There are 2 protein chains.
Amino acid sequence: MKDIKDFLRSNSLRPTKQRVLIAEYLFDGENKHVTAEKLSNELNRRRTGISLATVYNTLHDFYERGLLKKLSLGLDRVYFDTNTDHHHHFYSDKEQLLIDINNKLKVSGLPKLPKNKKTNKIEVIVHLDN
Amino acid sequence: MKDIKDFLRSNSLRPTKQRVLIAEYLFDGENKHVTAEKLSNELNRRRTGISLATVYNTLHDFYERGLLKKLSLGLDRVYFDTNTDHHHHFYSDKEQLLIDINNKLKVSGLPKLPKNKKTNKIEVIVHLDN
DNA sequence: TATCAGTTTAGAATGATTCTAAACTATTGA
DNA sequence: TCAATAGTTTAGAATCATTCTAAACTGATA
Ligand SMILES: [Mn+2]
Ligand SMILES: [Mn+2]
Ligand SMILES: [Zn+2]
Ligand SMILES: [Zn+2]
């Protein structure tokens, strides 16, 4: 798609066929939470022949351009989030469940910050069971 | 210390000299956030000769007995928290900073839960910069 | 004190991620 | 058009926190 190539170029990324295929999947309109492994599986399902190294490189490139958010919620497995607005999550480690909370959550009652520190962002994770 | 041996026994843990030394350090009255590596370094500083495997085993044993909380905040490194009350954190990945928020935070404006799910706990992480 | 379940330990294994360095390709200026 | 080059892809090695293995050790019990 011409659109996706321009999208990549406008983010200082050469529109290689690998990046085009990955971007087409990730930015198809619906928000996604993917791990490198899950994305790689999906790309294999599509017979793209894209290597796992390229999946990692591309996710990292997109992240550095601000096209993805990076989530480190549980142990050892990084999620990349196509929803780059500030938002929160329902999360279940056991069920590999990750759902956006786009509502305006409000967190009140915070104590004063440590000296010489400023808040970067407030992250709310609603851990689910059952 | 007799107290610590009883404390361990009352939690179905044999008071070996390794566990006694680790418990003495962890439960000395001030709340701590330790990684296996940081705890191992501290124990080496004290010339205890406790192996890293035992540090992992003991942290895990204490966690299973509910004597520690487990925190997976950033990438790849697990923190164990001697504060077992429900609480939140100021956190800086870059500075390895982790400070308890014991105030009664309030989170309001949550949307309805996904079907057939219930909230286990709400975790608030205030990410700090600078 | 003998027995045995529980514990400790060194070292191997695991697994997500990063690194390396060689082959490949999109871009561009002549 | 196309050579030159900077950027990209890739297989496989390396990294590193953590877990596993299985053999040696020890606290509890009778
Ligand atoms: Mn890891
Ligand atoms: Mn790991
Ligand atoms: Zn999200
Ligand atoms: Zn804490």
Side-chain angles (χ1 to χ4, degrees), chain A residues 1-2 4-23 33-44 46-65 67-68 70-80 93 96 98, chain B residues 1-2 4-23 33-44 46-65 67-68 70-80 93 96 98:
Chain A
M1 283 355 346
K2 195 47 157 209
I4 285 189
K5 290 191 175 184
D6 287 344
F7 169 73
L8 290 169
R9 273 193 269 265
S10 71
N11 283 285
S12 313
L13 293 166
R14 286 190 185 173
T16 63
K17 64 178 183 305
Q18 291 87 348
R19 283 173 176 163
V20 168
L21 287 164
I22 292 174
H33 301 96
V34 300
T35 61
E37 190 192 22
K38 288 204 300 178
L39 176 53
S40 180
N41 289 343
E42 177 60 29
L43 294 168
N44 288 340
R46 296 171 180 217
R47 301 270 142 56
T48 60
I50 299 176
S51 75
L52 183 58
T54 296
V55 171
Y56 274 103
N57 287 341
T58 302
L59 287 171
H60 191 246
D61 292 341
F62 287 3
Y63 168 70
E64 285 189 324
R65 275 23 179 237
L67 308 177
L68 295 172
K70 201 192 282 188
L71 305 175
S72 307
L73 299 173
L75 309 181
D76 230 357
R77 178 173 254 106
V78 172
Y79 278 85
F80 289 88
D93 192 17
Q96 279 204 271
L98 196 49
Chain B
M1 289 320 128
K2 195 42 154 220
I4 286 189
K5 290 191 175 184
D6 286 343
F7 169 73
L8 290 169
R9 280 196 199 94
S10 71
N11 283 286
S12 313
L13 293 165
R14 285 192 186 173
T16 63
K17 64 180 182 305
Q18 292 87 346
R19 283 172 176 165
V20 168
L21 287 164
I22 292 174
H33 301 96
V34 300
T35 62
E37 190 192 21
K38 289 204 300 178
L39 176 54
S40 181
N41 289 344
E42 177 61 30
L43 294 168
N44 288 341
R46 297 172 178 214
R47 302 270 141 55
T48 60
I50 299 176
S51 75
L52 183 58
T54 297
V55 171
Y56 275 102
N57 287 341
T58 302
L59 287 171
H60 191 247
D61 292 341
F62 287 3
Y63 168 70
E64 285 189 325
R65 272 30 177 231
L67 308 177
L68 295 172
K70 201 192 283 189
L71 305 176
S72 309
L73 299 173
L75 310 180
D76 231 359
R77 178 173 254 102
V78 173
Y79 277 85
F80 289 89
D93 192 17
Q96 280 207 267
L98 197 48

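It should be emphasised that the depicted structure is a prediction, and the values quoted were computed from it without experimental measurement. The chains referred to below are lettered A, B, ... by the order of the sequence lines, with proteins before strands, and numbering in each begins at 1.
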Handout entry: Student check: side-chain heavy atoms of A:Leu59 and A:Val78 closer than 4.5 Å
Key = no
Completion exercise
Whole-Å distance, B:Gln18 CD to C:dA10 P, equals 11 Å
Exercise for the section: Mind calculating the distance between CG (A:Asp61) and C1' (D:dG7) to the nearest angstrom? Expected result: 10 Å
Exercise for the section: Mind calculating the distance between NE2 (B:His60) and C1' (D:dA17) to the nearest angstrom? Expected result: 15 Å
Fill in the blank from the handout: Closest of D:dT9, C:dT9, D:dG12 to the A:Ala53 side chain is D:dG12
Handout entry: For atom CZ of B:Arg77 and atom C1' of D:dT18, their distance in whole Å
Key = 11 Å
Practice task
May I have the distance from A:Tyr56 (atom OH) to C:dT20 (atom P), rounded to whole angstrom?
Solution key: 17 Å
Exercise for the section: Consider the side chain of B:Asn57, meaning its heavy atoms from C-beta on, and name the nucleotide among C:dT9, C:dT7, D:dT8 that approaches it most closely. Expected result: C:dT9
Fill in the blank from the handout: Between CG of B:Leu13 and P of D:dT26 the distance, given in whole Å, is 19 Å
Problem - B:Gln96 side chain near B:Tyr79 side chain, heavy-atom distance below 4.5 Å - result: yes
Problem - Backbone N/O of A:Asp6 and side chain of A:Ser10: donor-acceptor pair under 3.5 Å - result: yes
Practice task
Might you work through the salt bridge (charged side-chain N to carboxylate O under 4.0 Å, His left out) test for B:Arg46 and B:Glu42, ending with a clear yes or no?
Solution key: CA-CA 6 Å; B:Arg46 297 172 178 214; B:Glu42 177 61 30; 2.7 Å; yes
Exercise for the section: Evaluate the side-chain proximity of A:Leu73 to A:Leu98: yes if any heavy-atom separation is below 4.5 Å, no if none is. Expected result: yes
Handout entry: Pairwise side-chain contact, B:Phe62 with B:Leu13, heavy-atom cut-off 4.5 Å (strictly under)
Key = yes
Handout entry: A:Thr54 vs D:dT9: side-chain N/O to OP1/OP2 distance below 4.0 Å
Key = no
Practice task
Round to a whole Å and report the spacing from CG of B:Leu73 to C1' of D:dA17.
Solution key: 16 Å
Problem - Nearest listed nucleotide, side chain of A:Glu37, among D:dT9, C:dT9, C:dA16 - result: C:dA16
With the criterion being N/O to N/O and under 3.5 Å, what pairs connect the protein with nucleotides 24-26 of chain C, and how long is each?
residue	atom	partner	partner atom	Å
C:dA26	N3	A:Arg14	NH1	3.2

Exercise for the section: Side-chain contact test, heavy atoms from C-beta onward, threshold under 4.5 Å: evaluate it for B:Phe7 versus B:Leu67 and give yes or no. Expected result: yes
Exercise for the section: Write down the distance between CG (B:Leu59) and P (C:dT8), rounded to a whole number of angstrom. Expected result: 12 Å
